[in-house]
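Throughout, numbering of the chain's residues begins at 1 and tracks the sequence.
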Amino acid sequence: MPGKERAAKRERRLVSLSPRDFQALRRRVERIDRALLECYGDRPWKPRFRHLLDGLVHTLLSQNTNDANSNLAFFRLKDRFPSWEEAARAPVEEIEEAIRPGGISRVKAERIKTILELVRRDFGAYCLAPLAQREPEEVLRYLLGLPGVGRKTAAILLLFQLGHPFFPVDTHVFRVGKRLEIIPAGLGPVAAHEAMDRLVPDGSKYRLHLNLVEHGRRACRARNPLCGDCCLRALCPYPERLAPPLR
């Protein structure tokens with residue numbers, strides 16, 4: 001069996017928790033959600049962008065870069081091409097130049113150009129609004145069929161633009177979730193999305209995602225995490241794993 005197939009099979013087994021283990025892990029997720037709610041507050045849902053296509057392009061530009069660079073690339077693109085029709089007519093090189101601050105600009109420009117062509121073909125306009133009327137799983141399948149759109153990008157759009165109960169697992173969520181042991185050991189990023197979709201109650205997905213990201217940026221950093229000042233210290237096994245062994 002090829003390596004990727006073995007890994008996928010192993011991850012599917014890990015996602016299939018027993019009912020007892022699933023309920024215990026869900027209770028743990030809910031305790032963490034309450035603790036982060038006290039620390040960072042509630043997060044009422046609101047769409048990030050007025051138009052779903054804007055959200056899709058912005059999310060593509062955010063891949064493999066930071067927020068400052070992706071925001072700059074997006075606003076440069078919108079300034080250069082006020083309408084998606086103008087962007088669709090433009091050469092790839094002009095799109096590439098506009099989005100250069102976001103990194104990997106040639107690849108992203110080609111993907112944006114192709115996506116605009118597909119959207120125009122599928123919906124008769126440069127608009128993804130019809131997806132709001134479709135079932136979430138159908139929207140997920142459509143998004144995953146677009147170039148450059150993986151499970152994380154699709155989940156971000158479904159949650160942040162359409163309000164559907166999907167749980168994106170970005171770098172911060174994956175790191176913090178592993179340390180908190182709410183993402184089971186052995187799961188890769190793709191299976192982690194499936195696990196968190198099941199574990200996190202629908203009404204908490206938006207808030208918990210944002211608060212985990214905030215916590216990952218402020219306290220549970222990749223390097224030198226601030227475990228001593230962490231509002232989750234009582235719930236987190238990670239500091240014990242860092243402690244030196246007793247002699």
Side-chain angles (χ1 to χ4, degrees), residues 8 11-12 14-60 62-63 128-146 148-178 180-184 187-217 232 235:
E11 289 187 350
R12 284 196 296 271
L14 288 166
V15 171
S16 301
L17 299 170
S18 71
R20 182 176 180 178
D21 289 344
F22 174 83
Q23 291 301 328
L25 197 52
R26 171 167 273 201
R27 287 193 295 271
R28 178 169 174 76
V29 167
E30 290 171 345
R31 290 176 66 196
I32 289 168
D33 176 45
R34 289 194 296 271
L36 290 174
L37 176 62
E38 291 184 13
C39 186
Y40 300 113
D42 202 359
R43 309 280 186 149
W45 182 85
K46 60 180 179 180
R48 283 185 172 176
F49 293 90
R50 181 179 177 185
H51 301 293
L52 181 56
L53 185 53
D54 286 19
L56 171 57
V57 173
H58 185 275
T59 305
L60 286 173
S62 72
Q63 295 171 352
L128 287 173
L131 290 180
Q133 308 305 318
R134 300 188 181 182
E135 292 298 316
E137 291 299 328
E138 183 181 358
V139 179
L140 176 63
R141 287 193 297 272
Y142 180 81
L143 292 173
L144 291 176
L146 298 175
V149 178
R151 189 64 172 74
K152 181 177 75 172
T153 296
I156 287 171
L157 291 165
L158 285 157
L159 178 66
F160 287 96
Q161 289 300 129
L162 298 174
H164 293 313
F166 286 77
F167 195 92
V169 178
D170 69 354
T171 302
H172 296 293
V173 172
F174 191 69
R175 178 180 69 254
V176 177
K178 285 285 190 178
L180 289 168
E181 297 183 357
I182 56 175
I183 296 179
L187 291 193
V190 174
H193 281 89
E194 298 172 4
M196 295 299 281
D197 275 347
R198 292 179 57 207
L199 283 168
V200 182
D202 288 352
S204 304
K205 283 182 166 68
Y206 182 80
R207 175 181 68 223
L208 181 58
H209 171 85
L210 288 176
N211 282 342
L212 283 171
V213 170
E214 186 76 9
H215 191 64
R217 288 172 173 165
L232 298 179
L235 297 171

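Taking 4.5 Å as the limit, every side-chain heavy atom of I32 sits out of range of all side-chain heavy atoms of V29. Counting only heavy atoms from C-beta outward, the side chains of T153 and L146 never approach each other to under 4.5 Å. Two residues are said to be in side-chain contact when any heavy atoms from C-beta on lie closer than 4.5 Å; L131 and L157 fail this criterion. Residues L187 and K178 have side chains in contact (heavy-atom distance under 4.5 Å, counting atoms from C-beta outward).
Heavy atoms only, all atoms of each residue included: L235 and A35 are closest at CD1-CB, 4.2 Å. Annotation for L140 and A154: closest pair CD1-CB, 3.7 Å, computed over non-hydrogen atoms. When all heavy atoms are compared, the tightest approach of H193 to V169 is NE2-N, 2.9 Å. Taking all atoms of both residues into account, the shortest heavy-atom contact from P184 to L25 is CG-CD2, 4.2 Å.
Here the straight-line distance linking atom CG of N211 with atom CG of L36 works out to 5.5 Å at 0.5 Å rounding. Here L212 contributes atom CG and L232 contributes atom CG; the two are 8.0 Å apart, rounded to the nearest 0.5 Å. Rounded to the nearest 0.5 angstrom, Q161 CD and L128 CG are separated by 10.0 Å.
The stretch residues 148-169 participates, sequence neighbours left out, in these salt bridge (charged side-chain N to carboxylate O under 4.0 Å, His left out) pairs: R151-D197. Sorted by first then second residue, the salt bridge (charged side-chain N to carboxylate O under 4.0 Å, His left out) pairs that include residues 24-43, not counting sequence neighbours, are D33-R207, D42-R207. Legend: side-chain hydrogen bond (donor to acceptor under 3.5 Å, both in side chains) pairs involving residues 131-146, not counting sequence neighbours, sorted by first then second residue: D122-Y142. Within the structure, side-chain hydrogen bond (donor to acceptor under 3.5 Å, both in side chains) pairs that include any residue of residues 163-175 comprise H172-R175 (at least two apart or interchain).
Under the salt bridge (Lys or Arg N to Asp or Glu O under 4.0 Å) criterion, R48 pairs with no residue at all, not counting sequence neighbours. Residues that satisfy the ring-ring contact (aromatic ring centres under 6.0 Å, His included) test with F166, not counting sequence neighbours, are absent from this structure.
Taking the six-membered ring for Trp and thresholds of 30 and 60 degrees, F49 and H58 have ring planes inclined between 30 and 60 degrees apart.
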Quick one: do M196 and I182 satisfy side-chain contact (heavy atoms from CB on, under 4.5 Å)? Show the steps, please.
-> CA-CA 8 Å; M196 295 299 281; I182 56 175; 3.9 Å; yes

Output, in order, the C-alpha distance, side-chain angles, deciding distance and verdict of side-chain contact (heavy atoms from CB on, under 4.5 Å) for V149 and L60.
-> CA-CA 7 Å; V149 178; L60 286 173; 4.3 Å; yes

Could you go step by step and tell me if V213 and Y40 meet the side-chain contact (heavy atoms from CB on, under 4.5 Å) rule?
-> CA-CA 11 Å; V213 170; Y40 300 113; over 6 Å; no

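H209 contributes no side-chain N or O that, together with a main-chain N or O of F167, makes up a donor-acceptor pair within less than 3.5 Å.
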